[in-house]
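First comes the structure, then the notes that go with it.
Keep in mind that the numbers below use all heavy atoms, side chains included, and drop hydrogens, waters and symmetry copies. We're numbering straight along the sequence, starting at 1. Quick caveat, the model's predicted, so the values are computed rather than measured.
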Amino acid sequence: MKISQVPSPVEINSSKKAKKKLMAPNLSLTLDRSDGSILSEDLDESGDLDLDDLDTPSDNSNEFEWEDDLPKPKSTEVLPKGSIPEYTAAEEKEESRRWRMFRIGDQDHRVDMSAIEPYKKVISHGGYYGDGLNAIIVFAVCFMPDSSQPNYRYLMDNLFKYVIGTLEMLVAENYMIVYLNGATTRRKMPSLGWLRKCYQQIDRRLRKNLKSLIIVHPSWFIRTLLAITKPFISSKFSQKIKYVFSLVELAELIPMEYVVIPECIKEVDKELNKKTEDQTNEQ
């Protein structure tokens, strides 16, 4: 048997191919197509690149551990007990009382009751007249807000919804409105636009069932205003308007048992009656 000779380690190493070194081409960062440019299509293929000489991160290297350089998330802070304000039962009840829903037509409207609290007496129920549930609605202009207030528009907007919403609830059948105009300064007089808006926004049923609008102690201003607007309102509505110049005259038209007359209106009525008596005596 012929025994083959085992090659020596030197021969094995010599039989392996020598590593080919590649040289990186000289690159230019210009964007033209000239030789040596990064956009050049004729790169030097003869250059050798030594892969062993490239620096690569080792397994134990921290050179590329970017997580260390990123901002760390803040630890979750636990709010101490009692740091979030909590409403007491009384405060929750008070908050629920502040806002109230009123239905006007087919829509619900929120009303800031705390804002209009001083002016809620502007509308009240004065009982009934005749047969059935013919309501007497009293509208006291002396309780209207002063137009010089900075939040006047906000007050009037909420008061408008309150008046219309309350009227919807108080009226079941026919009704009349007693408009107490005495003891009212010009700054408390609602504008014609506000009154027209009230009339236009009430339900068709309420407009139809309004049988009379009695204006007590009408001023020269309101009489002139109604005379000017008469051509623009329906003849049916104009026929519903009546002027009353004293509380005695009012008592002859409607039952006064449940009609609440403000003290300022009573004082004005006394003064007007006294003037009338003095003029009668002079004659």
Side-chain angles (χ1 to χ4, degrees), residues 116 118-130 133-147 156 159-160 162-164 166-167 169-171 173-199 202 206-207 209-230 233-280:
I116 66 169
Y119 316 106
K120 288 168 60 177
K121 293 181 180 180
V122 71
I123 186 171
S124 61
H125 199 295
Y128 299 93
Y129 69 96
L133 298 177
N134 301 316
I136 300 172
I137 306 300
V138 181
F139 191 90
V141 192
C142 58
F143 291 124
M144 293 288 286
D146 196 301
S147 60
M156 292 298 286
L159 196 59
F160 161 76
Y162 173 76
V163 168
I164 301 301
T166 302
L167 193 61
M169 294 186 297
L170 295 180
V171 174
E173 297 179 2
N174 296 334
Y175 70 104
M176 68 168 57
I177 294 179
V178 178
Y179 188 92
L180 300 178
N181 186 71
T184 304
T185 62
R186 286 285 299 275
R187 291 187 303 181
K188 286 191 175 185
M189 283 287 298
S191 66
L192 178 62
W194 191 87
L195 294 173
R196 184 175 63 249
K197 183 180 177 182
C198 285
Y199 182 74
I202 63 177
L206 294 177
R207 279 185 285 178
N209 293 350
L210 176 62
K211 298 306 177 183
S212 181
L213 173 60
I214 302 176
I215 301 177
V216 184
H217 302 132
S219 61
W220 175 86
F221 173 77
I222 196 170
R223 280 183 287 175
T224 304
L225 191 63
L226 289 175
I228 294 174
T229 58
K230 190 173 182 179
I233 58 180
S234 65
S235 58
K236 290 183 178 180
F237 182 76
S238 299
Q239 294 173 2
K240 297 177 182 180
I241 301 175
K242 297 179 180 179
Y243 293 128
V244 172
F245 296 92
S246 68
L247 295 178
V248 174
E249 188 178 352
L250 178 64
E252 295 175 355
L253 298 176
I254 63 171
M256 298 287 291
E257 184 179 1
Y258 300 105
V259 176
V260 178
I261 304 296
E263 290 298 324
C264 58
I265 299 294
K266 294 179 180 179
E267 292 296 327
V268 168
D269 188 70
K270 289 180 180 179
E271 293 178 3
L272 293 175
N273 289 337
K274 186 178 180 180
K275 287 182 179 180
T276 303
E277 291 177 358
D278 292 343
Q279 291 176 357
T280 303

4.5 Å side-chain heavy-atom contact, Cys142 and Leu180: no
task: Please name the pair of heavy atoms, one in Val141 and one in Pro190, separated by the smallest distance, quoted to 0.1 Å.
output: CG1-CD, 3.5 Å
query: Counting heavy atoms not belonging to Lys121, are there more than 12 under 6.0 Å from its NZ?
result: no
field: Side chain proximity check, Pro145 to Met156, heavy atoms < 4.5 angstrom
entry: yes
task: Of all the heavy-atom pairs spanning Val259 and Gly126, show the shortest one and how long it is.
output: CG2-O, 3.6 Å
task: Working to the nearest 0.5 Å, report the span between CE of Met144 and CG of Asp146.
output: 11.0 Å
message: Would you say the ring centers of Tyr179 and Phe139 fall short of 6.0 Å from each other?
response: yes
task: Quick one: pull up OG in Ser147 and CE in Met189 and give me the separation to the nearest 0.5 Å.
output: 11.0 Å
Heavy-atom neighbours of Phe237 CZ exceed 12 at 6.0 Å: yes
message: Are the side chains of Tyr175 and Leu206 in contact, using a 4.5 Å heavy-atom criterion?
response: yes
- request: Take atom NZ of Lys211 as the centre, draw a 6.0 Å sphere, and report whether it contains more than 12 heavy atoms from other residues, nucleotides or ligands.
  value: yes
query: How about Arg187: does its CZ atom have over 12 heavy atoms from other parts shown lying under 6.0 Å from it?
result: no
task: Starting at CG of Asp269, measure out to NE2 of His217 and round the result to the nearest 0.5 Å.
output: 3.5 Å
message: Taking the side chain as everything from C-beta on, heavy atoms only, tell me whether Leu226 gets closer than 4.5 Å to Ile215.
response: yes
message: When you compare the side chain of Phe245 with that of Leu272, does any pair of heavy atoms fall below 4.5 Å?
response: no
field: Check: Val122 and Val163 side chains under 4.5 Å, non-hydrogen atoms
entry: yes
- line: Heavy-atom closest pair (Lys240 atom, Arg207 atom, distance to 0.1 Å) is NZ-O, 3.4 Å
- prompt: Any side-chain heavy atom of Ile254 within less than 4.5 Å of one from Ile214?
  reply: yes
query: What distance separates Leu247 CG from Lys266 NZ, expressed to the nearest 0.5 Å?
result: 8.5 Å
field: Point-to-point distance, once rounded to the nearest 0.5 Å, from CD1 of Ile265 to CZ of Phe143
entry: 8.0 Å
- request: I would like to know whether Leu170 and Ile137 meet side-chain contact (heavy atoms from CB on, under 4.5 Å); could you show each step before the answer?
  value: CA-CA 8 Å; Leu170 295 180; Ile137 306 300; 3.9 Å; yes
task: Could you check Glu271 against Lys274 for salt bridge (Lys or Arg N to Asp or Glu O under 4.0 Å), going step by step and ending with a plain yes or no?
output: CA-CA 5 Å; Glu271 293 178 3; Lys274 186 178 180 180; over 6 Å; no
- prompt: Under 4.5 Å between any side-chain heavy atoms of Tyr162 and Ile123, yes or no?
  reply: yes
query: What pair of heavy atoms forms the shortest contact from Tyr129 to Pro255, and how long is it?
result: CB-CD, 3.9 Å
query: At what distance, to the nearest 0.5 angstrom, does OH of Tyr243 lie from CZ of Arg223?
result: 7.5 Å
